Q: 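Take this structure, written in structure tokens, and hold onto it; I'll ask about it next.
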Protein chains: 2
Amino acid sequence: MATVSALGYALLCALHRGPLTGYELVQRMRKPIGYYWTAQQSQIYPELARLSANGLIEHDAEAGPGPRQRKTHRLTAAGREALAGWLVEPPAPRAFRDETLLRTYALAAADPEGMREFYLAEAETYQRRLDAFQEQHADLLSRHADDPSHPQFGAYATLELALAGTPPRIRWCRWMAEQMAELARRREPSG
Amino acid sequence: MATVSALGYALLCALHRGPLTGYELVQRMRKPIGYYWTAQQSQIYPELARLSANGLIEHDAEAGPGPRQRKTHRLTAAGREALAGWLVEPPAPRAFRDETLLRTYALAAADPEGMREFYLAEAETYQRRLDAFQEQHADLLSRHADDPSHPQFGAYATLELALAGTPPRIRWCRWMAEQMAELARRREPSG
DNA sequence: ACCCCCATGTAAGGGGTTACATGATTTA
DNA sequence: TAAATCATGTAACCCCTTACATGGGGGT
């Protein structure tokens, strides 16, 4: 019973709705799958080989356009079982790392006007991300994915969290920009 | 002009309020600094040596309790300058990875009752985290760290974001638990 | 001629985690 | 006597990122 890495489970997750080739998996995992997981091509191919060796996936092979075969991967019964077991396991606590928060912690060592621009730029970044999320959310809603028995409800639900979590972050960035403006005003009262 | 890693800047951030020994840095970075950055002891000591070689920090050495010297590190003028420059740089986009969201994406492959328990456990985890944040927030408030010119305003501000971002996550977990209950009810209408 | 898309794979290097190692002093 | 604390350092391993490599087919 070989252990499976988080990346391995990510691939099983990506395959849970139907077979995909390695190349298709690479495409999907460039844009984050479930809006919160990415992987590189150079990770994916070796991991597919490992999952296959462990009997969690299997593939059909046909002649590809290049020098190598095109393989279409799908979950085996063992793979479906391993996935179902993992899904309900409480996740091991991961270390959060957020460079913006790290900068904020040491903010006293920075120029307030520079930090004001920093937070405004952050707010814009998150605003653009929110716009993209809203677009995809609307698309899934139009396909009635808000029904928990809909096959895409999972993807819809990840967007729900993104839509709930992003606006507070944007408000915080704007609030930080104001605080920095206030600081700059105090330090140089006459300009 | 050697490049400095994110970890290197994290150490400069940790040192921005005054000198610390390697051991003290290890203690602080076990619990996340700024509530969003951690590092292991085995990373910290080599990184301190690199920062020192690059002239960004320097240290006094005295006899320690064990076989090695006790070193107290502080920022140099060059270190303070490097930190101030980095603080206002827009952060390189990092890959988010969230196992909970990954599981949610593939939720259709799981048992609804198992997932309901999963989300309830998640909600409790975040609730406990929120309680701890609120305690520290109250502590910093009692020391008037909500003033942007207060030396601890940065730490206070990181807590502000945590306090704004965590409740939506808890509400989402509870909502997911309800959705899973609804799904279970539909699949087994008579129990 | 050159670049992009399909399609799969390997190599090198950085960053992070877990565990090992030393050894004196304090606490149970 | 056993452990925890102080204090610094090393080794092995895994994961991830960037880049290299092959080679046919289609577009400009």
Side-chain angles (χ1 to χ4, degrees), chain A residues 2-11 19-33 36-54 57 59-73 91-99 102, chain B residues 2-11 19-33 36-54 57 59-73 91-99 102:
Chain A
T3 60
V4 179
S5 66
L7 170 63
Y9 286 116
L11 293 178
L20 294 169
T21 68
Y23 189 79
E24 287 168 327
L25 280 165
V26 170
Q27 305 310 309
R28 309 224 171 175
M29 307 212 46
R30 282 166 55 98
K31 298 273 158 185
I33 180 180
Y36 285 94
W37 205 274
T38 58
Q40 305 297 343
Q41 181 224 27
S42 62
Q43 296 179 267
I44 290 172
Y45 286 106
E47 187 62 36
L48 285 171
R50 270 189 291 274
L51 291 172
S52 196
N54 292 340
I57 61 175
H59 64 261
D60 292 325
E62 38 179 333
R68 299 204 181 84
Q69 288 184 307
R70 173 192 152 98
K71 299 174 186 171
T72 303
H73 304 272
R94 291 198 153 234
F96 290 109
R97 290 203 170 83
D98 185 323
E99 284 199 16
L102 184 54
Chain B
T3 60
V4 179
S5 67
L7 170 63
Y9 286 116
L11 293 177
L20 294 170
T21 68
Y23 189 80
E24 287 168 327
L25 280 165
V26 169
Q27 304 311 309
R28 308 225 169 174
M29 309 215 39
R30 282 165 56 96
K31 298 272 158 188
I33 180 181
Y36 285 93
W37 205 274
T38 58
Q40 307 297 123
Q41 181 223 28
S42 62
Q43 295 179 267
I44 290 172
Y45 286 106
E47 188 62 37
L48 285 171
R50 269 190 291 275
L51 291 171
S52 196
N54 292 339
I57 61 175
H59 64 261
D60 292 325
E62 38 178 335
R68 297 203 183 83
Q69 287 183 309
R70 172 192 152 100
K71 299 174 188 171
T72 302
H73 304 271
R94 291 198 154 233
F96 290 109
R97 290 203 170 84
D98 185 322
E99 285 199 16
L102 184 54

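Just so it is clear, the model here is predicted, and its values are computed rather than measured. Every chain is numbered from 1 and lettered A, B, ... according to where its sequence line falls, protein lines coming before strand lines.
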Q: Using only side-chain N and O atoms of B:Y23, determine if any of them is under 4.0 Å from OP1 or OP2 of D:dC6.
A: yes
Q: From B:R97 CZ over to A:T38 OG1, what is the distance, rounded to the nearest 0.5 angstrom?
A: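 Reported to 0.5 Å precision, the distance equals 4.0 Å.
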Q: Just how far, in rounded Å, is P of D:dC6 from CD of B:Q27?
A: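 Going from CD in B:Q27 over to P in D:dC6 covers 6 Å.
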Q: D:dT8 C1' sits how many Å from B:E24 CD, rounded?
A: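 Roughly 14 Å, once rounded to whole Å.
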Q: Starting at OH of A:Y9 and ending at P of D:dC14, how long is that distance when rounded to a whole Å?
A: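 Those two atoms, OH and P, are 16 Å apart.
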Q: Any chance you could measure B:L7, atom CG, to B:R50, atom CZ, to the nearest 0.5 Å?
A: 7.5 Å
Q: To the nearest Å, give me how far apart OH (A:Y45) and C1' (D:dA21) are.
A: 14 Å
Q: Rounding to an integer number of Å, can you tell me how far B:Q69 CD sits from D:dG9 P?
A: 9 Å
Q: Rounded to the nearest 0.5 Å, what's the gap from CD1 on A:I33 to CG on A:L25? Could you check?
A: 8.0 Å
Q: Going 5' to 3' along nucleotides 14-26 of chain C, which nucleotides have protein heavy atoms under 4.0 Å from the base (write B), which only from the sugar-phosphate (write S), and which from neither (write -)?
A: -SSBBB--BBS--
Q: Could you grab the distance from atom OG1 of B:T21 to atom CD of B:Q69, nearest 0.5 Å is fine?
A: 13.5 Å
Q: Specify the separation, in whole Å, of atom CD1 of A:I44 and atom P of C:dT8.
A: 11 Å
